[in-house]
**Student:** 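I have a structure I would like to understand better, so I am pasting it below and will then ask my questions one at a time.
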Amino acid sequence: MELAYIPSPSSGVLYLGPVPLRGYAFCIIIGVFVAVWLGNKRWIARGGRAGTVADIAVWAVPFGLVGGRLYHVVTDYQLYFSEGRDWVDAFKIWEGGLGIWGAIALGALGAWIGCRRRGIPLPAYADAIAPGIAIAQAIGRWGNWFNQELYGRATDLPWAVEITSSADGRMPGTYHPTFLYESLWCVGVALLVIWADRRFALGHGRAFALYVAGYCAGRFWIEYMRVDEAHHILGLRLNNWTALLVFLLAVLYIVLSARKRPGREAMVEPGAGDGEGPAADARKTDGDTPAEDAPAEDTTDDVKDAETSGKPGKLDKPGKADKPEAPAEPEESAEPEESKDGAGSAKKG
């Protein structure tokens, strides 16, 4: 007999009249808002404009949702196109089923379009939103709890999740809450990226690559615990192989990028550093102060010194056009006529 467990909601849908409010959709929406909020703060701290992250997210989020759904439908096609299944269910995204690999891949395409329209480098944008994406995943995984899906092997641990539904081949009982494991892991990945970004000033896409590598490391062992239907290759689930491959690519990118382009981008958004903000402050720190903001030269002490010492101060220094007049030569004193005559007479005598 289980002493404790995590109960599952009796229903993942709450109706307000005829309007259904689905827990899965709420988790996705809340995750997106949190990701945009955190990404905006990080983007401004890097020298970008407020609102840019949200503008680009208008492109990235729809592409990501389509990509996530496509990956799920393609890799689990038997759930929608096998005998006895209705292919129309492939469009019912609110019932669950988003593959993170497809969401990131196609979401990156949408972000690239948005960045290109603004002249922004995609790697810099990806670095800013990387922790937010991890937090969004942590929130979104609770949508699986509402749908009673993506659980692991049977267990009687105190934090086991209770599954009560018997739809789609489920067996009521208590299981490892892999959705909870992945949610907590994503929070840890977000904190890791934030710390490493501050400690090592990651740039040129390396913060995003660290997020990808960190997520894949956790996804590998969490995926290994799941018992839902999936394709297997050489004894491992398809998503295990995907996580392993993407992890290696992310680590390789970090190593090569650090050698080729060390440091962080000096500018992430054209024209964003012209006014107030981190970019403008950085220019002032480096000595690049606008002429109109430069302090006026204080000449008060020079005037006082000139008045008291008689020596020219900065205001009295002669220039080329104002040279001092040369002192007049002293006039020769005229000798009395008689002395001249006397002298002359003596010489003659």
Side-chain angles (χ1 to χ4, degrees), residues 1-15 20-31 65 68-103 137-186 215 218-233 235-243:
M1 180 178 180
E2 296 83 6
L3 298 178
Y5 54 82
I6 302 173
S8 292
S10 57
S11 175
V13 185
L14 176 65
Y15 287 91
L21 303 178
R22 302 183 181 276
Y24 186 89
F26 264 117
C27 291
I28 298 295
I29 294 172
I30 294 172
L65 291 175
R69 188 60 176 177
L70 281 176
Y71 181 89
H72 170 73
V73 171
V74 170
T75 56
D76 292 314
Y77 61 88
Q78 72 280 356
L79 300 178
Y80 307 99
F81 302 104
S82 60
E83 185 178 356
R85 298 284 184 168
D86 187 358
W87 63 271
V88 177
D89 292 341
F91 298 95
K92 298 179 179 179
I93 192 172
W94 56 86
E95 293 184 354
L98 290 175
I100 185 62
W101 318 111
Q137 288 179 253
I139 298 173
R141 273 307 178 198
W142 283 90
N144 303 130
W145 176 63
F146 282 100
N147 287 351
Q148 298 196 34
E149 60 186 0
L150 300 189
Y151 47 86
R153 303 185 186 96
T155 182
D156 57 357
L157 291 172
W159 55 84
V161 62
E162 181 190 31
I163 300 299
T164 59
S165 174
S166 57
D168 295 326
R170 297 184 182 96
M171 295 289 293
T174 55
Y175 300 87
H176 278 284
T178 52
F179 73 90
L180 175 60
Y181 299 160
E182 187 168 336
S183 178
L184 295 176
W185 184 271
C186 287
Y215 172 75
R219 179 62 184 268
F220 185 88
W221 67 267
I222 294 172
E223 184 73 21
Y224 190 76
M225 296 178 65
R226 285 168 52 173
V227 294
D228 52 301
E229 186 177 358
H231 297 286
H232 287 72
I233 300 175
L236 291 178
R237 295 164 64 96
L238 175 61
N239 282 332
N240 281 117
W241 289 107
T242 305

**Student:** Any side-chain heavy atom of Ile6 within less than 4.5 Å of one from Glu162?
**Tutor:**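 Side-chain contact under 4.5 Å: no.
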**Student:** I'd like to know whether Thr75 forms a side chain to side chain contact (heavy atoms under 4.5 Å, CB included) with Thr242, so could you lay out the CA-CA distance, the side-chain angles of the two residues, the decisive distance to 0.1 Å, and finally the verdict.
**Tutor:** CA-CA 11 Å; Thr75 56; Thr242 305; over 6 Å; no
**Student:** Is the backbone of Asn239 close enough, under 3.5 Å, to the side chain of Glu223 for a donor and an acceptor to pair up by distance?
**Tutor:**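 No: the side chain of Glu223 does not pair with the backbone of Asn239.
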**Student:** Is the side chain of Arg69 donor-acceptor paired with the backbone N or O of Gly102 at a distance under 3.5 Å, no angle test?
**Tutor:**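 No; zero donor-acceptor contacts below 3.5 Å.
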**Student:** Could you tell me whether the side chain of His176 reaches within less than 4.5 Å of the side chain of Val227, counting heavy atoms only?
**Tutor:**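 No, every pair of side-chain atoms sits at 4.5 Å or beyond.
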**Student:** Does any donor atom in the side chain of Tyr77 or His231 lie under 3.5 Å from an acceptor atom in the other side chain?
**Tutor:**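 No, because no side-chain N or O of Tyr77 sits under 3.5 Å from a partner of the opposite role on His231.
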**Student:** To the nearest 0.5 Å, what is the distance between CZ (Arg141) and OH (Tyr24)?
**Tutor:**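 The OH atom of Tyr24 is 7.5 Å from CZ of Arg141, to the nearest 0.5 Å.
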**Student:** Measure from the side-chain N and O atoms of Gln148 to the backbone N and O of Thr164, and report whether any donor-acceptor pair falls under 3.5 Å.
**Tutor:**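 Yes.
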**Student:** Using every non-hydrogen atom in the two residues, find where Cys186 and Gln137 come nearest and quote the distance to one decimal.
**Tutor:**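 Closest heavy-atom pair between Cys186 and Gln137: SG-CB, 3.8 Å.
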**Student:** Could you point out which residue of Tyr151, Trp159, Trp145, Tyr181 forms a ring-ring contact (aromatic ring centres under 6.0 Å, His included) with Tyr175?
**Tutor:**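 When ring-ring contact (aromatic ring centres under 6.0 Å, His included) is applied between Tyr175 and each of Tyr151, Trp159, Trp145, Tyr181, only Tyr151 qualifies.
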**Student:** Distance-only, no hydrogens or angles: does the Thr174 side chain make a donor-acceptor pair with backbone N or O of Asp156 under 3.5 Å?
**Tutor:**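 Side chain of Thr174 to backbone of Asp156: no pair is present.
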**Student:** Taking it one step at a time, do Val88 and Tyr80 satisfy side chain to side chain contact (heavy atoms under 4.5 Å, CB included)?
**Tutor:** CA-CA 8 Å; Val88 177; Tyr80 307 99; over 6 Å; no
**Student:** Enter the distance from Tyr224:OH to Arg153:CZ here, rounded to the nearest 0.5 Å.
**Tutor:**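 Answer rounded to 0.5 Å: 6.0 Å.
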**Student:** First locate atom CG of Leu238, then atom CG of Asp76, and finally report the distance between them rounded to the nearest 0.5 Å.
**Tutor:**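 With rounding to 0.5 Å, CG (Leu238) is 8.5 Å from CG (Asp76).
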**Student:** With a sphere of 6.0 Å drawn around CH2 of Trp221, does it hold more than 12 non-hydrogen atoms of other residues, nucleotides or ligands?
**Tutor:**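 Atom CH2 in Trp221 is packed in, count exceeds 12.
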**Student:** I'd like to check Val13 versus Arg22 (side-chain heavy atoms, cut-off strictly below 4.5 Å). Are they in contact?
**Tutor:**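 Yes - at least one pair of side-chain heavy atoms lies under 4.5 Å apart.
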**Student:** So, for Ser183 and Ala138, which heavy atoms are closest and what is the spacing to 0.1 Å?
**Tutor:**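 Taking Ser183 first and Ala138 second, the nearest heavy atoms are OG-O, 2.8 Å.
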**Student:** Start with the C-alpha distance between Ile100 and Arg219, add both sets of side-chain angles, then the distance that settles side chain to side chain contact (heavy atoms under 4.5 Å, CB included), and finish with yes or no.
**Tutor:** CA-CA 11 Å; Ile100 185 62; Arg219 179 62 184 268; 3.5 Å; yes
**Student:** Using a 4.5 Å cut-off on heavy atoms from C-beta on, say whether the side chain of Phe81 contacts that of Arg85.
**Tutor:**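 Not touching, per the 4.5 Å side-chain cut-off.
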**Student:** Between atom CG of Asn147 and atom SG of Cys27, what is the distance when rounded to the nearest 0.5 Å?
**Tutor:**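 Spacing of CG (Asn147) from SG (Cys27) equals 9.0 Å.
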**Student:** Got a second to check how far Ile163's CD1 is from Met171's CE, nearest 0.5 Å?
**Tutor:**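 Going from the CD1 atom of Ile163 to the CE atom of Met171 covers 12.5 Å.
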**Student:** Arg170 vs Glu149, test: side chain to side chain contact (heavy atoms under 4.5 Å, CB included). Steps then yes/no.
**Tutor:** CA-CA 9 Å; Arg170 297 184 182 96; Glu149 60 186 0; 4.1 Å; yes
**Student:** Is there a side-chain contact between Arg237 and Asp228 in this structure, where contact means two heavy atoms from C-beta onward sitting under 4.5 Å apart?
**Tutor:**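 When only atoms from C-beta onward are counted, Asp228 and Arg237 do touch, with a gap below 4.5 Å.
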**Student:** Could you measure the distance from the OH atom of Tyr215 to the CH2 atom of Trp101? Nearest 0.5 Å is fine.
**Tutor:**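 These two atoms lie 5.5 Å from each other.
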